[in-house]
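Since the structure is predicted, the reported quantities are computational estimates derived from the model, not experimental observations. Counting begins at 1 with the first residue of the sequence.
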Amino acid sequence: MAKIPERFKNYTFNENDFMPEHYVVEDPEKEQLVRKLAFMISDDITFMKPEHILNDDPDFWLLDRLLTKEEVKLMLSFKKKRVVKLSIEEIAKRNGKTVAEVQPIVDHICEIGLLEFDRETKDRSKQYFVPKFVVGSGEYMMMSSKVTEAHPEVATFFHYASSVPVGKVAHMVPPGGGGLGMHVIPVEKAIDACGKAVSLERLSYWLKKYDKYCLDVCSCRRQQRIRGEGDGNVEDYYCIAVGDMAEFLVETHKDARYATYEEVMEVLEVSEKKGFVHQITNLDGEDKIVGICNCNNATCNALRTSQLFNTPNMSASAYRAHVDRAKCVACGKCVEICPVGAAKLGQKLCLKDGTAVTYPMMELPDAVKWSPAKWNKNFRDDAKINTYETGTSPCKSACPAHLAVQGYIRMAAEGRYLDALKLIKQDNPLPAVCGAICNRRCEDRCTRGTIDQPVAIDEIKKFIASLELKEENRYIPECMNDIGKQWGDEYKIAVIGAGPAGLSAAYYLRLNGYPVTIFEKENEPGGMLRYGIPSFRLERDVIRAEIDVIEKMGAEIRCGVEVGKDVTLDELRAQGYKAFFVAIGLQAGRAANIPGEELAVSGVDFLREANAKQEKILSGKTVVIGGGNVAMDVARTALRAGAETVEMYCLEQLNEMPAAKDEIADAKAEGITIGNGWGPKEILSEDGKLCGIVLKKCTRVYDENHRFAPEYDENETITVACEHVLLSIGQAAVWGDLLAGSKVEVRPGGTAVADAVTLQTAEPDIFVGGDIFHGARFAIDAIADGREGMVSIKRFVHPGQSLTLARDLRKFVELDRDDIRVWSYDNAERQVPGMKPGEAAKTFEDLRLPLTEEQVKAEANRCLKCGAAKVDENRCIGCGLCTTRCNFDAIHLERDMPQNTRMFTGEEGKVKAILPYVIKREAKILMNKKK
């Protein structure tokens, strides 16, 4: 484990970095030569002379470890700190050698990446020069897998060279960068809409300027992989070199290949889809670039310099994003894609006193003394904060999957149903299922509910999703990895369990291009959706339709396969599966541990049989024990399965029952009676047949900390005669031999122990989600787990990726509903869906109809439009990615900072840009101090 020197503590080094103490060079002559060369190349302004460079400094040990003494001498023959370009003949002359002698040495140093060549000569012959460490040789060394495999410490050097020297000057860099490093160039469609763009701001201008291109492996992504700080976006051919740089990279055997214009355009288009920032080199003035990068904020060194030091001047384009609050619906898609956390969700509604909420803006160094105290070491995680502290729409915040509720409601009001479906399925792959059975936490917190009744959010979603039940209308999302391709079988993922969590995980894994196989022990997929929820609440064709989409996306489902029995985890590993998402649910009923219990039937087992047969399997009086939603399903199914009467008994009082209010109302409407405050004591029998149940009075369900801790009066009992007792007091896990030989820990209650964020168990390649992880909840909770499982697995299967760094934790703060003022709203009443003709208690058919189209539009207009996005213009870098995600024309780029487009050479920038800015800045600081 590296010991990080005190002088590097304010930077983001970690225990994987190469940090030698008392670095020793055996050859004194080489030691002095290396020190001179390090001084010649280094950008660190604190190195005033060679003696200031220590052996432990990366500038020193990198050169010593990569170069021979002869190669160091050759590089010193370039003599000056500024760029000097020499022909091979001039190099030979300066070193007292022939061209034949010097060419192999030069070629080798070029292959390492510490020398560069171009053809900016009259006869287009090669001329060589010593590039800066960054942007320059740092990138070139990282682009060579041959170099990085032999010298992984190059990753530490690149991290150092792109941060430590820069941190000492970042606050002095003017808008536009002043010829220092990289420069954001916006999505071209976004600046076309603005209408003020100049040629230098267009990728098309730069691409048409050159006739030679190559694609090269991203040096930043590779660096972070080696350092163990990847975020799942793995190294590949993301970067584009143009002109002489393309030739240099290919001919010196970097991980690069020549590309056509069409291939380059495809990379740029995919990058925009995946949310990567376009940047161009800003080192050579307004007439030249050498490359275009497609950057990920979590790994990119150029973006990191501006974000770590809180100095976006270094990389920001001339543009800033602005939100049209009237059009914004707080869908959050601009927030998700914003690489730097400039866009966050806030509220549109005024406070009670009639004022608008004000939002903080990031402090800039333009007129303020700057120091490490102003930096942000947590910039990667902070960029993933979704809401301002004052909160946003309660519907989005309350939903476990955080659907863009306000967004799809607005689309429904406009009749854009397919667009609404696409928006929903970004966050929920099973909207029709949820439309039938969701417990509607969004509606529980809907702001409209503080006025009259909440918006019928779930009914609107149900209508939208119902359009996809016809096969010809199904929307099949595009599936691809971060470079627009599919991962091969070397990244196969196994999902165990085809319930909502497993189906969700498979959906999101396929969206990201991974080969997925779902193993399901039952004969049909769906898990408890199919076998545990009665069809009068969730019809089978609804489940089948949404599973069909996941199969059409490329997921394979193998039913009738019990992992642990028919095939083991080790056998699946041997078949090439790299990770497992275990989502087997809670498949058994929990025991009551009372005398005579063997005569009763578990509610879960009863539902499985009744759902499969859908016929009369009961007769006489039936008692159901339990007060949750599953118990309600059991009781209502018992009526349809032939029970003469159904009585329910539960520990809780009516206001404490965990079942949803509408479920309770439906049960009562069907003639089911509910006895509150009673628990089972004994099941009675006569001649071996069940004949009744004894119940005891429950005096308390929860303790003072609201933990389940029931207390009883054993002396107060009632006896209920009946022919059947169905126990629905909780669900239990059935692991079988699935975990045999694994390190996965299981809690006393049967659920798996895993990390709350990553869902990773003690067996690194096993992740869990759904009820088998957190206990019995709802389908939407399992769906949310499936997405998180994908995030972790995507990172896990690729070496060097952190499971947590720069991870969107999807935490959304709800606005204060007690401190809002609604000036006006549509005063229509909540729309109520119709019912099919028929007697509910006698059919397994779902008699509930969706809203009509007219009802949907009327209901959608009841939305108060609580939330809106807000951009911190000081933090915004003007990349335009937000505009590519907005479906409401609510966010645009404006050319607020035209001076940012100016480009300089490195030397020119120091005089024409950086020095004037430093003088003005110091004057502002002095004036502020006097004030």
Side-chain angles (χ1 to χ4, degrees), residues 18 33-44 47 53 57-68 71-86 91 105-118 126-166 179-182 214 216-220 222-223 226 239 241 244-256 281-284 290-291 293 300-302 305 906-907:
F18 180 76
L33 292 171
V34 168
R35 202 177 313 283
K36 288 180 182 177
L37 181 58
F39 177 72
M40 187 178 95
I41 303 175
S42 178
D43 296 317
D44 195 319
F47 294 157
I53 299 178
D57 283 320
D59 311 70
F60 180 90
W61 54 250
L62 172 93
L63 298 172
D64 177 64
R65 296 172 73 84
L66 267 64
L67 298 172
T68 65
E71 290 169 334
V72 173
K73 287 180 177 179
L74 184 142
M75 291 188 68
L76 282 169
S77 69
F78 284 79
K79 292 185 179 177
K80 306 226 174 156
K81 282 184 79 71
R82 63 182 178 81
V83 173
V84 174
K85 297 185 177 183
L86 303 174
I91 296 171
I105 304 172
V106 168
D107 289 344
H108 183 249
I109 302 174
C110 284
E111 286 185 15
I112 293 171
L114 287 163
L115 273 182
E116 184 179 343
F117 68 73
D118 63 26
K126 287 182 182 178
Q127 55 181 355
Y128 298 87
F129 56 95
V130 178
K132 297 196 301 180
F133 278 143
V134 174
V135 175
S137 55
E139 282 84 356
Y140 309 149
M141 290 183 287
M142 289 305 307
M143 288 178 198
S144 169
S145 53
K146 182 179 177 181
V147 171
T148 57
E149 286 169 12
H151 295 280
E153 66 272 19
V154 170
T156 296
F157 170 79
F158 188 36
H159 181 73
Y160 157 84
S162 60
S163 60
V164 176
V166 182
L180 181 70
M182 304 290 291
C214 84
D216 53 90
V217 170
C218 174
S219 52
C220 296
R222 174 173 283 170
Q223 165 213 343
I226 293 172
C239 300
D244 294 343
M245 177 58 69
E247 180 185 0
F248 168 71
L249 295 181
V250 174
E251 300 304 320
T252 59
H253 310 299
K254 307 298 182 287
D255 297 330
T281 52
N282 182 17
L283 307 162
D284 301 289
V290 297
C293 293
C300 172
N301 284 337
T305 52
E907 293 301 318

(message) Is there a side-chain contact (heavy atoms from CB on, under 4.5 Å) between Lys79 and Val84? Walk through the geometry before answering.
(response) CA-CA 8 Å; Lys79 292 185 179 177; Val84 174; over 6 Å; no

(request) Evaluate the side-chain contact (heavy atoms from CB on, under 4.5 Å) criterion for residues Met40 and Phe78: first the C-alpha distance (whole Å), next the side-chain angles of each, then the deciding distance (0.1 Å), finally the verdict. (result) CA-CA 9 Å; Met40 187 178 95; Phe78 284 79; 4.3 Å; yes

(message) Let's go through Asn282 and Met182 carefully: what are the C-alpha distance in whole Å and the side-chain angles of both, what is the deciding distance for side-chain contact (heavy atoms from CB on, under 4.5 Å) to 0.1 Å, and is it a yes or a no?
(response) CA-CA 5 Å; Asn282 182 17; Met182 304 290 291; over 6 Å; no

(request) Please report the C-alpha distance between Met75 and Tyr128 in whole Å, then the side-chain angles of each, then the deciding distance to 0.1 Å, and finally whether the side-chain contact (heavy atoms from CB on, under 4.5 Å) criterion is met. (result) CA-CA 10 Å; Met75 291 188 68; Tyr128 298 87; over 6 Å; no

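You'll find the ring centres of Phe157 and Phe133 inside the 6.0 Å limit. Ring-centre distance between Phe117 and Phe248: below the 6.0 Å cut-off.
Contact of the Glu71 side chain with the His108 side chain is registered, since non-hydrogen atoms from C-beta on lie closer than 4.5 Å. Using a 4.5 Å cut-off on side-chain heavy atoms (C-beta onward), His151 and Leu62 make no contact. In this structure, the side chains of Met141 and Ile112 come closer than 4.5 Å at one or more pairs of heavy atoms. Residues Asn301 and Val134 have side chains not in contact (no heavy-atom distance under 4.5 Å, counting atoms from C-beta outward). Within the 4.5 Å cutoff, the side chain of Lys132 has heavy atoms near those of the Leu180 side chain. Using a 4.5 Å heavy-atom threshold, the side chains of Lys126 and Glu247 count as touching. In this structure the side chain of Asp216 never reaches within 4.5 angstrom of the side chain of Asp255, judged on heavy atoms. You'll find the side chain of Cys110 stays beyond 4.5 Å of the side chain of Glu251, heavy atoms only.
Remark: Ile91 CD1 to Ile109 CD1 distance equals 8.5 Å, nearest 0.5 Å. Distance CD/Glu153 to OG1/Thr148: 10.0 Å, rounded to 0.5 Å. Atoms CG and OG, on Asp43 and Ser162 in that order, are 11.0 Å from each other to the nearest 0.5 Å. The distance from atom OG of Ser219 to atom CE of Met142, rounded to the nearest 0.5 Å, is 7.0 Å. Taking CD of Glu116 as the reference point, atom CG of Leu249 lies at 8.0 Å (rounded to 0.5 Å). Leu66 CG to Leu114 CG: the interatomic distance, rounded to the nearest 0.5 Å, is 6.0 Å.
Residues Gly136 and Pro131 approach most closely at CA-CB, 4.2 Å, considering heavy atoms. Leu115 and Phe129 make their closest contact through CD2-O, 3.4 Å (heavy atoms, listed as atom of the first residue, atom of the second, distance). What you find for Leu37 and Val72 is that their closest heavy atoms are CD2-CG1, 4.0 Å. When all heavy atoms of Ser144 and Lys254 are compared, the pair lying nearest together is CB-CD, 4.0 Å. Of all heavy-atom pairs between Gly113 and Ser137, the closest is O-CB, 3.0 Å. Across all non-hydrogen atoms, the minimal contact from Met143 to Val217 is CG-O, 3.7 Å.
Formation of a donor-acceptor pair under 3.5 Å by the Thr156 side chain with backbone atoms of Phe18 is found in this model. No donor-acceptor pair closer than 3.5 Å links the side chain of Asp59 to the backbone N or O of Ala38. The main-chain N or O of Phe39 is never found under 3.5 Å from a side-chain atom of Ser42 such that the two would form a donor-acceptor pair.
Summarising the local packing, NZ of Lys36 is surrounded by 12 or fewer heavy atoms from other residues, nucleotides or ligands at distances under 6.0 Å.
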